[in-house]
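This structure is a prediction, so every number in the text was calculated from the model and none was measured. Along the sequence shown, residues are numbered consecutively beginning with 1.
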Amino acid sequence: MSPETVTPPLADPVKPQTPAPSRSRAQAARRRRVIVVVARVLLLIGVLGLWEGLSRAEVIDPFNFSMPSEIWDQITSWVLHGTALGSLGEQIWYTLYEALLGWVIGVVAGVVLGIALGRVAFLADLFGPYIKVLNSIPRIVLAPIFLIWFGLGPASKVASAVVLVFFPVFFNAFQGAREVNRDLVANARILGATDRQVTLQVVIPSATSWIFTSLHVSFGFALIGAIVGEYIGATRGIGLLVAQSQGTLNSAGVYAAMVILAVVALLAEGLLTFAERRVFRWKSSDSGH
């Protein structure tokens, strides 16, 4: 009788464990984020509380500076009962539409021209002086001209947003195209890449981080362009709401419109940051964050 073959019990699979230093760094990063968020909230509460207290004590003029409680009441009134121009959502969307359209046009134009002039030295030499002259003009003063050209509709506000967005995006795209690693371009040439392939597959990806840097500030510029255009002359929008509140000496209305714009800008910044992290996930992984 042959001896029975005894099969040893299977060992439990060993799960890979995160090294202790990595875990401690992650925990420290989470604690720091929590502390920063709590500190920001406390700072905001402190500033608003001080503002409210000084206004109620009339240390600062409540008529000119208003107070947070009145600003909140104004926002609540606009949300529940609408504004003199219509619903608050309609005014926000009108301004956001103008800013978004101007931002998209300005970004596309800035990226295309920035990459083109960064890649072609002749174009840079030809258009460089004109771009510098245009950049030296205070763009805000162009808003009345656009109002004359395009009227009270959204076109004049879009134009104001475009000229504010174009230049920061253009200069970043131009610099990004100039800063491309020459070895990468040379290697692509050796592998038989055409000028178009080098631009699309080497230059633009390398300049993406430069371009994203300009996108963060350029959307705020687009909002400024739309608001300034509406303030000068419009039929709807947050800028016109600011102008009407100023005309009726309603300081709470002016501050309430500013708060609404700040919220819109913060949401846009959050979306851009999320998109940037998705695009540059490789950078986060390489850096160990």
**Request:** Verify side-chain contact (heavy atoms from CB on, under 4.5 Å) between Phe219 and Val165, making sure each step is shown before the conclusion.
**Result:** CA-CA 7 Å; Phe219 186 77; Val165 169; over 6 Å; no
Please round to the nearest 0.5 Å and tell me the distance separating atom [atom1] of [X] and atom [atom2] of [Y].
X	Y	atom1	atom2	answer
Ile227	Leu261	CD1	CG	4.0 Å
Trp93	Leu96	CH2	CG	6.0 Å
Phe167	Leu134	CZ	CG	5.0 Å
Ser55	Asn64	OG	CG	10.5 Å
Tyr255	Asn250	OH	CG	11.5 Å
Leu126	Leu117	CG	CG	8.0 Å

Looking only at atom types and distance, does a side-chain atom of [X] sit under 3.5 Å from a main-chain N or O of [Y], one as donor and one as acceptor?
X	Y	value
Thr95	Ile238	yes
Thr248	Gln244	yes
Ser251	Phe63	yes
Ser77	Gln74	no
Lys157	Gly102	no
Ser160	Ser156	yes

**Message:** Under the criterion side-chain contact (heavy atoms from CB on, under 4.5 Å), I'd like the reasoning laid out for Tyr94 against Thr235: C-alpha separation, chi angles, the key distance, then a yes or no.
**Reply:** CA-CA 10 Å; Tyr94 194 74; Thr235 57; 4.0 Å; yes
Testing the basics here: between [X] and [Y], what is the closest heavy-atom pair and its distance to 0.1 Å?
X	Y	result
Gly110	Ala173	O-CB, 3.9 Å
Pro138	Val141	O-CG2, 2.8 Å
Ala161	Ala226	CB-N, 4.5 Å
Val228	Ala143	CG1-CB, 4.0 Å

Kindly work out whether a path of hydrophobic side-chain contacts (I/L/V/M/F/W/Y, heavy atoms less than 4.5 Å apart) joins [X] to [Y].
X	Y	answer
Val59	Leu50	yes
Phe122	Phe174	yes
Leu54	Trp51	yes
Val112	Ile115	yes
Trp72	Ile92	no

**Prompt:** With Leu101, which residues qualify under side chain to side chain contact (heavy atoms under 4.5 Å, CB included), at least two apart?
**Reply:** Tyr97, Ile105, Val158
**Asked** What do the steps show when you test Ile131 against Phe170 for side-chain contact (heavy atoms from CB on, under 4.5 Å), and what is the final call?
**Response** CA-CA 10 Å; Ile131 291 177; Phe170 167 81; 3.4 Å; yes
**salt bridge (charged side-chain N to carboxylate O under 4.0 Å, His left out) partners of residues 52-74, not counting sequence neighbours, each pair once** = Glu52-Arg56
**Message:** Per the salt bridge (charged side-chain N to carboxylate O under 4.0 Å, His left out) rule, what does the pair list look like for residues 229-251, sequence neighbours excluded?
**Reply:** Glu90-Arg236
**Message:** Determine whether the aromatic ring centres of residues Trp103 and Phe166 are separated by less than 6.0 angstrom.
**Reply:** no
**Asked** In this structure, which one of Val47, Val41, Leu48 forms a side chain to side chain contact (heavy atoms under 4.5 Å, CB included) with Leu44?
**Response** Leu48
**Prompt:** With side chains defined as the heavy atoms from C-beta onward, is the minimum distance between Leu123 and Leu113 less than 4.5 Å?
**Reply:** no
**Message:** Evaluate Leu241 against Val254 for side-chain contact (heavy atoms from CB on, under 4.5 Å), listing each step before the verdict.
**Reply:** CA-CA 8 Å; Leu241 207 57; Val254 175; over 6 Å; no
